[in-house]
Amino acid sequence: VMAMALNMAAMKGDPQDDARKAYNNCLVTEHNDAVEAKKSGSAFNEQLAGACAEKRKVYYDMIVRSEKSFGSKQAEAEQFANEELQAVIDSITGAFSQNASTGAKLQPEK
C-alpha cells in the first residue's frame, strides 16, 4: 500500500490522482468521525458502504476511461476500477482497525 501511495504521489497534478485523493480524503473524514464516535468495526464498515458516493463515482469513471484508452475492454476496465477502489477502502478499514482503540486519526492527503 505504501509503494502505491508513493507512486501516486509522484503523479502530482494528474486529474485521476486528484480524484483518488478526493475519494481517499472523504474516507479519511469518515474514519476520523468514526474514531471520534468510538464506533465498532462493523458499524464503521456499514458507514463506509454508502460513504462518499459522488467522489467514488468520479474516481471509478476516470479509471474506467483511462483503462479503456489503453485498449482494455469495458469489463476489464470496470474490474480494474473496482480493484483500485477496494484498495483505497482496504487501506482505510485497516487503519480503522488499528486506530479505533487508540483514538488516532488519519491526516488527509495534500
Side-chain angles (χ1 to χ4, degrees):
V1 175
M2 183 58 93
M4 182 174 70
L6 291 174
N7 247 353
M8 291 184 175
M11 295 187 268
K12 201 170 199 164
D14 174 10
Q16 186 171 322
D17 191 50
D18 291 343
R20 182 198 56 78
K21 284 182 198 172
Y23 180 54
N24 182 72
N25 287 345
C26 183
L27 294 181
V28 164
T29 299
E30 296 290 325
H31 166 278
N32 292 344
D33 291 349
V35 166
E36 192 170 310
K38 299 181 189 227
K39 288 193 174 185
S40 69
S42 61
F44 178 64
N45 289 338
E46 286 178 30
Q47 176 181 334
L48 277 189
C52 309
E54 187 175 308
K55 288 175 176 49
R56 177 185 175 99
K57 176 145 179 46
V58 167
Y59 183 40
Y60 175 89
D61 289 346
M62 290 184 100
I63 295 169
V64 169
R65 274 194 306 275
S66 174
E67 288 302 303
K68 287 181 72 178
S69 76
F70 291 119
S72 293
K73 294 181 179 168
Q74 182 71 27
E76 295 168 332
E78 289 174 359
Q79 180 179 351
F80 182 74
N82 284 323
E83 290 168 358
E84 290 296 304
L85 290 168
Q86 192 60 50
V88 175
I89 292 167
D90 290 348
S91 174
I92 298 295
T93 56
F96 182 80
S97 68
Q98 294 176 342
N99 297 336
S101 62
T102 65
K105 294 186 178 178
L106 297 175
Q107 293 298 314
E109 288 185 73
K110 295 187 188 233

field: Worked verdict on D61 versus K57 for salt bridge (charged side-chain N to carboxylate O under 4.0 Å, His left out)
entry: CA-CA 6 Å; D61 289 346; K57 176 145 179 46; 2.9 Å; yes
Atom pair [atom1] ([X]) and [atom2] ([Y]), whose distance is rounded to the nearest 0.5 Å:
{"X": "D17", "Y": "K21", "atom1": "CG", "atom2": "NZ", "value": "5.0 Å"}
{"X": "E46", "Y": "S40", "atom1": "CD", "atom2": "OG", "value": "7.5 Å"}
{"X": "N25", "Y": "K110", "atom1": "CG", "atom2": "NZ", "value": "10.0 Å"}
{"X": "L106", "Y": "S91", "atom1": "CG", "atom2": "OG", "value": "7.5 Å"}
{"X": "L85", "Y": "N24", "atom1": "CG", "atom2": "CG", "value": "11.5 Å"}

- request: Given side chain to side chain contact (heavy atoms under 4.5 Å, CB included), test Q86 with I89 step by step and report yes or no.
  value: CA-CA 5 Å; Q86 192 60 50; I89 292 167; 3.9 Å; yes
- prompt: Is E36 salt-bridged to K105, cutoff N-O under 4.0 Å?
  reply: yes
Which pair of non-hydrogen atoms, one from [X] and one from [Y], has the smallest distance, and what is that distance?
{"X": "K55", "Y": "A22", "result": "CD-O, 3.3 Å"}
{"X": "A81", "Y": "V64", "result": "CB-CG2, 3.8 Å"}
{"X": "V35", "Y": "N99", "result": "CG1-O, 4.1 Å"}
{"X": "L48", "Y": "E30", "result": "CD2-CB, 4.0 Å"}
{"X": "E67", "Y": "A77", "result": "CB-CB, 3.6 Å"}
{"X": "Q107", "Y": "V28", "result": "C-CG1, 4.2 Å"}

message: Determine whether N82 and Y60 satisfy the following criterion, side chain to side chain contact (heavy atoms under 4.5 Å, CB included), listing intermediate values before the conclusion.
response: CA-CA 7 Å; N82 284 323; Y60 175 89; 3.4 Å; yes
- request: Show your working on side chain to side chain contact (heavy atoms under 4.5 Å, CB included) between R56 and Y59 and close with a plain yes or no.
  value: CA-CA 5 Å; R56 177 185 175 99; Y59 183 40; over 6 Å; no
- prompt: Given the rule in the salt bridge (charged side-chain N to carboxylate O under 4.0 Å, His left out) test, do E109 and R20 qualify, once you have shown the distances and angles that lead to the verdict?
  reply: CA-CA 10 Å; E109 288 185 73; R20 182 198 56 78; 2.8 Å; yes
task: Verify the cluster assignment for I63 and I92: are they in a single hydrophobic cluster under the rule of side-chain heavy atoms below 4.5 Å apart?
output: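 Result: yes, single cluster for both.
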query: Under 4.5 Å between side-chain heavy atoms, hopping through other hydrophobics if needed: is there a path connecting F80 to V58?
result: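 Shared cluster, no.
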- prompt: Which class fits the ring pair F44 and F96: parallel under 30°, tilted 30 to 60°, perpendicular over 60°?
  reply: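 Correct class here is parallel.
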